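Notes follow the structure.
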Amino acid sequence: MVEQQVAARGVVDQRVLDAMLTIPRHLFVETALQSHAYGDAALPIGEKQTISQPYMVAVMTAALELQGDERVLEIGTGSGYQTAVLSKLVKRVYSIERIAVLAGRARKILDQLQLSNINIKIGDGTVGWEDQSPFSGILVAAGSPDVPQKYLDQLEIGGKLVLPVGDQKQQTLIRIVRKSEDSFERQQMMGCRFVPLIGEQGW
Ligand code: SAM
């Protein structure tokens, strides 16, 4: 999976590739789907939600240019797979999931894997996690109609935000770097398809 779907498509961040090699993706999907866990696709995880395509996990993670001492915010814990990858790359991961049953399932698997640098909160992630801000990186794993202002506010200077922006069917992956208190550099990365970001600042 890592060699053929991720590295072969140009993800070069060795730390990201190594982190993905260490996380057993099949544990994050139900038993009946485990034989597809290393395929090149998103898969259903129940509650009408999905575990993201491995390549998309890699691209979004690499876009944060993580060095190891960061505190990052993830919106949309889902299965917990992306959370696990992030946990191998940073000091602490703060992850928000609006569906309690998914958050609970993810917590259990992450605990089994003894990944202890993760805080999961159940709630509306469109408002970020103010008491833990600012973050060096914010990764949003659901499609938003626009860039929620709270994410920009909760990004430290030099911090990076990656999120899909568009309609409910198709989005563009956007990367934003906070250059100073009030200036942000915005870059379009690629087309993508995510489930909708539902909440106060989303759909
Ligand atoms: N990256 C995850 C993984 O590897 O399994 C997949 C995330 S899935 C594509 C998107 C998740 O975002 C869903 O679990 C959904 O419930 C969640 N979500 C949608 N809107 C949200 C919100 N406002 N706050 C928190 N989570 C939200």
Side-chain angles (χ1 to χ4, degrees), residues 1-2 5-6 16 19-20 22-30 33-34 36-64 72-89 93-110 113 115 118-130 132 135 137-151 154 161-171 173 192-203:
M1 176 187 92
V2 172
Q5 300 165 31
V6 178
V16 173
M20 290 183 73
T22 66
I23 304 297
R25 192 168 188 261
H26 65 277
L27 297 183
F28 295 85
V29 297
E30 63 181 272
L33 290 175
Q34 286 191 344
H36 301 282
Y38 298 93
D40 189 16
L43 291 171
I45 54 170
E47 313 298 319
K48 299 190 189 149
Q49 305 302 325
T50 51
I51 176 172
S52 307
Q53 180 197 24
Y55 173 60
M56 195 50 68
V57 169
V59 165
M60 294 178 81
T61 309
L64 297 180
V72 300
L73 174 65
E74 178 195 33
I75 311 299
T77 318
S79 68
Y81 176 71
Q82 169 82 73
T83 324
V85 172
L86 285 170
S87 83
K88 291 282 185 188
L89 295 167
V93 185
Y94 297 86
S95 185
I96 310 178
E97 171 56 56
R98 60 181 284 275
I99 302 176
V101 64
L102 294 180
R105 232 181 266 156
R107 175 84 272 168
K108 215 167 140 193
I109 303 162
L110 296 166
L113 292 174
L115 300 171
I118 299 167
N119 292 44
I120 296 180
K121 177 162 96 168
I122 298 164
D124 178 9
T126 66
V127 296
W129 195 327
E130 195 156 358
Q132 294 297 343
F135 299 99
I138 302 180
L139 187 157
V140 186
S144 177
D146 212 333
V147 180
Q149 181 61 38
K150 300 272 188 187
Y151 297 161
Q154 293 177 24
L161 162 65
V162 58
L163 84 169
V165 176
D167 61 33
Q168 292 203 13
K169 292 221 165 102
Q170 232 164 325
Q171 306 90 32
L173 194 62
C192 56
R193 295 180 81 165
F194 277 84
V195 295
L197 181 73
I198 295 168
E200 193 183 307
Q201 309 268 311
W203 291 102

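All values reported here derive from a predicted model rather than from experimental measurement. When a ligand or atom number is given, it counts from 1 through the structure's own listing order.
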Minimum heavy-atom distance between Ile120 and Ala103, given as atom pair plus value: CG2-CB, 4.1 Å

Under 3.5 Å, side-chain donor or acceptor atoms of residues 192-203 against the rest of the protein: list the pairs with distances, not counting sequence neighbours.
| residue | atom | partner | partner atom | Å |
| --- | --- | --- | --- | --- |
| Arg193 | NE | Lys169 | O | 3.3 |
| Trp203 | NE1 | Gly143 | O | 3.2 |

task: Sequence neighbours left out, what passes ring-ring contact (aromatic ring centres under 6.0 Å, His included) with Tyr151? Give chain and number order.
output: none

- prompt: Under the 3.5 angstrom rule, does the side chain of Arg25 hit a backbone N or O of Ala37 as a donor-acceptor pair?
  reply: yes

message: For the CD1 atom of Ile23 and the CG atom of Leu115, what is their distance to the nearest 0.5 Å?
response: 5.5 Å

- prompt: What pairs of residues pass the side chain to side chain donor-acceptor pair (under 3.5 Å) test when at least one of them lies in residues 42-54, not counting sequence neighbours?
  reply: Asp40-Gln53

So what's ligand 1 close to, N/O to N/O, under 3.5 Å?
| residue | atom | partner | partner atom | Å |
| --- | --- | --- | --- | --- |
| ligand 1 | 1 (N) | Ser52 | OG | 3.4 |
| ligand 1 | 4 (O) | Gln82 | N | 3.3 |
| ligand 1 | 5 (O) | Ser79 | N | 2.9 |
| ligand 1 | 5 (O) | Ser79 | OG | 2.6 |
| ligand 1 | 14 (O) | Glu97 | OE1 | 2.7 |
| ligand 1 | 14 (O) | Glu97 | OE2 | 3.3 |
| ligand 1 | 16 (O) | Glu97 | OE2 | 2.6 |
| ligand 1 | 20 (N) | Ile198 | N | 3.0 |
| ligand 1 | 23 (N) | Asp124 | OD1 | 3.0 |
| ligand 1 | 23 (N) | Ile198 | O | 2.6 |
| ligand 1 | 24 (N) | Gly125 | N | 2.8 |
| ligand 1 | 26 (N) | Arg98 | N | 3.3 |

